[in-house]
Amino acid sequence: QVQLVESGGGLVQPGGSLRLSCAASGTIFSINVMAWYRQAPGKQRDLVATITSGGRTNYADSVKGRFTISRDYAKNTAYLQMNDLKPEDTADYYCNARARRDWREDENDYWGQGTQVTVSS
């Protein structure tokens, strides 16, 4: 399978910055879209940002202008640069990749285990 491992979470102060990383590994033929989701305690998992294989990005309104998603295609890694963090950004952040291991295989969605982000003074 394709394995995704997130890193970079932690405790930050309001107004601070944090960069999350998502490294994809395993047998990978191609990765179409990579995305970041987040889930606060007791809440549903919401889409934060997406980036296509061509570099096109989309953001949730709640993070637009503060967060930036990017990819290092050579490393099969996605990043989420988070600036001006607010307490409401506190959540578990999950990486998602729509990928396939082989050209003969359908695309599948793969998920990381998540990394916790806490924004508090």
Side-chain angles (χ1 to χ4, degrees):
Q1 288 188 355
V2 175
Q3 181 176 274
L4 304 178
V5 178
E6 302 99 332
S7 62
L11 175 65
V12 296
Q13 296 178 335
S17 297
L18 199 64
R19 189 174 81 153
L20 306 182
S21 298
C22 171
S25 61
T27 302
I28 302 172
F29 175 75
S30 64
I31 301 176
N32 186 349
V33 179
M34 298 189 78
W36 286 96
Y37 290 75
R38 67 184 182 186
Q39 186 171 21
K43 305 293 184 180
Q44 69 176 15
R45 188 172 298 183
D46 293 326
L47 179 64
V48 176
T50 64
I51 183 166
T52 70
S53 59
R56 180 165 51 85
T57 60
N58 282 285
Y59 299 92
D61 288 341
S62 59
V63 307
K64 189 159 51 181
R66 299 187 297 122
F67 290 11
T68 302
I69 188 171
S70 61
R71 288 172 69 167
D72 185 330
Y73 295 90
K75 296 181 179 180
N76 287 326
T77 300
Y79 304 93
L80 186 68
Q81 178 66 46
M82 303 183 293
N83 297 326
D84 191 26
L85 283 162
K86 305 177 184 297
E88 51 263 41
D89 295 319
T90 296
D92 289 330
Y93 283 72
Y94 297 89
C95 181
N96 170 270
R98 183 169 298 168
R100 56 183 179 178
R101 302 176 299 166
D102 186 277
W103 69 272
R104 292 157 290 195
E105 183 181 278
D106 290 341
E107 290 184 337
N108 294 115
D109 281 326
Y110 299 90
W111 291 90
Q113 292 285 320
T115 184
Q116 185 174 352
V117 172
T118 302
V119 184
S120 176
S121 59

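Worth saying up front: this structure is predicted, and the values here are computed from it rather than measured.
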K.L.:
Kindly say whether I69 contributes a backbone atom to a donor-acceptor pair with the side chain of Y59 at under 3.5 angstrom?
P.N.:
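Yes.
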K.L.:
With no hydrogens and no angle check, is any side-chain donor or acceptor of R98 less than 3.5 Å from a backbone partner on N32?
P.N.:
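Side chain of R98 to backbone of N32: no pair is present.
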K.L.:
So do the side chains of L20 and Y94 get within less than 4.5 Å of each other, counting heavy atoms only?
P.N.:
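No - every pair of side-chain heavy atoms lies 4.5 Å or more apart.
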K.L.:
With distance as the sole test, does T90 use its side chain to make a donor-acceptor pair with the main-chain N or O of V119 at under 3.5 Å?
P.N.:
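Side chain of T90 to backbone of V119, a donor-acceptor pair under 3.5 Å: yes, one is there.
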K.L.:
Are V117 and Y79 connected, step by step, through hydrophobic side chains (Ile, Leu, Val, Met, Phe, Trp, Tyr) whose heavy atoms are closer than 4.5 Å?
P.N.:
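Different hydrophobic clusters.
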K.L.:
Return the minimal non-hydrogen interatomic distance between R101 and T27, and the atom names on each side.
P.N.:
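Here R101 and T27 meet closest at CG-O, 3.0 Å.
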K.L.:
Can you hop from Y73 to L4 via hydrophobic side chains spaced under 4.5 Å?
P.N.:
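Yes, same cluster.
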K.L.:
How long is the span from the OG1 atom in T115 to the CG atom in D92, to the nearest 0.5 Å?
P.N.:
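If we round to the nearest 0.5 Å, T115:OG1 and D92:CG are 8.0 Å apart.
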K.L.:
Just wondering, are more than 12 heavy atoms of other shown residues or ligands nearer than 6.0 Å to CD in E105?
P.N.:
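Yes.
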K.L.:
Check residues 5-18 and write down every donor-acceptor pair under 3.5 Å in which the side-chain atom is one partner and the other belongs to a residue at least two apart or another chain.
P.N.:
unit_1, atom_1, unit_2, atom_2, d
E6, OE1, Q113, N, 3.0
E6, OE1, G114, N, 2.9
E6, OE2, C95, N, 2.7
E6, OE2, G114, N, 3.2
S17, OG, N83, OD1, 2.9

K.L.:
Starting at CZ of F29, measure out to CD of E107 and round the result to the nearest 0.5 Å.
P.N.:
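Output value for this atom pair is 10.5 Å.
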K.L.:
Rounded at 0.5 Å granularity, tell me how far OG1 in T50 sits from CE in M34.
P.N.:
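Atom-to-atom, T50:OG1 and M34:CE are 11.5 Å apart.
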K.L.:
Using the rule that two of Ile, Leu, Val, Met, Phe, Trp, Tyr join whenever any of their side-chain heavy atoms come within less than 4.5 Å, decide whether I51 and Y93 are in one cluster.
P.N.:
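They do share one cluster, since a chain of ILVMFWY contacts under 4.5 Å joins I51 to Y93.
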K.L.:
Examine V63 and L85 and state if one hydrophobic cluster contains both, with Ile, Leu, Val, Met, Phe, Trp and Tyr joined whenever side-chain heavy atoms are less than 4.5 Å apart.
P.N.:
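Hydrophobic grouping puts V63 with L85.
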K.L.:
Report yes or no: do Y110 and I28 belong to one cluster of Ile/Leu/Val/Met/Phe/Trp/Tyr joined by side chain heavy-atom distances under 4.5 Å?
P.N.:
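Yes, Y110 and I28 fall within the same hydrophobic cluster.
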K.L.:
Which pair of heavy atoms, one from C22 and one from W36, lies closest together, and at what distance?
P.N.:
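Closest approach of C22 to W36, heavy atoms only: CB-CZ2, 3.6 Å.
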K.L.:
Which residue pairs pass the salt bridge (Lys or Arg N to Asp or Glu O under 4.0 Å) test with at least one member in residues 31-51, sequence neighbours excluded?
P.N.:
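Residue pairs passing salt bridge (Lys or Arg N to Asp or Glu O under 4.0 Å), neighbours aside: R38-D89.
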K.L.:
Can you list the residues that meet the salt bridge (charged side-chain N to carboxylate O under 4.0 Å, His left out) rule with R104, with sequence neighbours excluded?
P.N.:
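For R104, the residues satisfying salt bridge (charged side-chain N to carboxylate O under 4.0 Å, His left out) (neighbours in sequence not counted) are D102.
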